[in-house]
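Since the structure comes first, as structure tokens, the remarks are kept for the end.
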There are 2 protein chains.
Amino acid sequence: MKVYDYECPIDATLNVIGGKWKASCVYYLINGPKRYSELFEVLETVSSRILSKQLKELEAQDIIKQEVFPESPPKVVYSLTE
Amino acid sequence: MKVYDYECPIDATLNVIGGKWKASCVYYLINGPKRYSELFEVLETVSSRILSKQLKELEAQDIIKQEVFPESPPKVVYSLTE
DNA sequence: CAGTATCCATGAGGATACTG
DNA sequence: CAGTATCCTCATGGATACTG
């Protein structure tokens, strides 16, 4: 949870959960790891570009982590970090 | 705190504190009522239009309340609702 | 002092099609 | 399946000037 370098804790907080779908992603991942497609479905109106983007940002902030299974078709699972 | 009519609690939450300055306003008001100009100063880089707008929205959501003292120069005080 | 009026910039988010 | 590439829209926020 590297959210240092913020003068303001509120800034830090909103930067983490401020994205339109970020809080929801984290929320769903509380119940355990989910595949990309599962998140995509449960979010219903998100576009794949946006979901992908927000997941990456959450990952960059060490909120969630990604696991790639080199299969065909590919399988990518997201889960919360500890 | 009328935040009904939301299918999603996360939506409700971000709608309340999602504005760039809203959470900060609420934060400063925890220590007691503040005048418009006090909030304006402490926020430093907010423009008056935006501050005004976000305060109104917080008011509309019953998060804060406004008190106007009919003096000259005018005095307007904001505080958290209970 | 506490706003409003105007006008402007930006980027977050979205739709759709395509690919390894 | 899990994204990327392109292109687009619009809300949010901002700068500045003005006013009761």
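Predicted model only: the values in this text are computed from it and were never measured. Just so you know, these numbers use all the heavy atoms, side chains as well, and skip hydrogens, waters and symmetry mates.
Rounded to whole Å, atom C1' of C:dC1 lies 10 Å from atom CD of B:E71. Nucleotide C:dG13 holds its C1' atom 7 Å from the NZ atom of A:K53, rounded to whole Å. To the nearest angstrom, C1' of D:dG3 lies 16 Å from CG of A:L58. For the pair A:L51 CG and D:dC1 P, the computed distance is 14 Å after rounding to whole Å. Here D:dC1 presents its P atom at 14 Å from CG of A:L39, a figure rounded to the nearest Å. What separates CD1 of A:I64 from P of D:dA2 is a distance of 13 Å, to the nearest Å. Atom-to-atom, CZ of B:F40 to C1' of D:dA15 comes out at 11 Å; the value is rounded to the nearest Å. As a whole-Å value, the separation of A:L14 CG from D:dG13 P is 11 Å.
Between A:Y78 and A:Q66, the shortest heavy-atom distance links the atoms OH-NE2, 3.1 Å. B:A23 and A:L14 get closest at one heavy-atom pair: CB-CD1, 4.5 Å. Taking all atoms of both residues into account, the shortest heavy-atom contact from B:F40 to B:V46 is CE1-O, 3.6 Å. Residue B:V16 comes nearest to B:L58 through the heavy atom pair O-CD2, 3.9 Å, listed as atom of the first residue, atom of the second, then distance.
A:I17 is not listed as a side-chain neighbour of A:V26, based on a closest heavy-atom distance of 4.5 Å or more. Using a 4.5 Å cut-off on side-chain heavy atoms (C-beta onward), B:C25 and B:L55 make contact.
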- Item | Candidate pair B:E59 and B:K65, rule salt bridge (charged side-chain N to carboxylate O under 4.0 Å, His left out), full reasoning | CA-CA 6 Å; B:E59 214 190 326; B:K65 64 174 188 290; over 6 Å; no

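Between the CD atom in B:Q54 and the CD1 atom in B:I63 there is a gap of 13.0 Å [rounded to 0.5 Å].
Checking the phosphate oxygens (OP1, OP2) of C:dT4, a side-chain nitrogen or oxygen of B:K56 falls inside 4.0 Å. At D:dG3, one or more side-chain N or O atoms of A:Y78 fall inside 4.0 Å of OP1 or OP2 (strictly under the cut-off). Using a 4.0 Å cut-off, no side-chain N or O of B:S37 falls inside it from OP1 or OP2 of C:dC1.
Of the candidates C:dG3, D:dT4, C:dC1, D:dT4 carries the atom nearest the A:S52 side chain, counting heavy atoms from C-beta on.
Panel note: side chain B:Y36, backbone B:S48; a donor-acceptor pair is recorded below 3.5 Å.
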- Note on the structure: Per-nucleotide protein contact along nucleotides 14-20 of chain C, 5' to 3', at a 4.0 Å heavy-atom cut-off (B base, S sugar-phosphate only, - neither), is BB-B--B

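Among the heavy atoms of the strands lying under 4.0 Å from B:Q66 are primed sugar atoms or P, OP1, OP2 only; no base atom is included. Within 4.0 Å (heavy atoms only), B:Q54 reaches sugar-phosphate atoms of the nucleic acid but no base atom. Nucleic acid contact for B:F69: none, since no nucleic acid atom lies under 4.0 Å from a heavy atom of the residue. Among the protein residues, A:E57 comes within range of no part of the nucleic acid, since none of its heavy atoms lies under 4.0 Å from any strand.
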- Dot-bracket for DNA chain D, 5' to 3', with Watson-Crick and G-U pairs under 3.5 Å, [ ] for crossing pairs and | for other-strand pairs: what is it? ||||||||||||||||||||

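The side-chain tip of B:K75 points at the ring of B:F69 from less than 6.0 angstrom away and within 45° of straight on.
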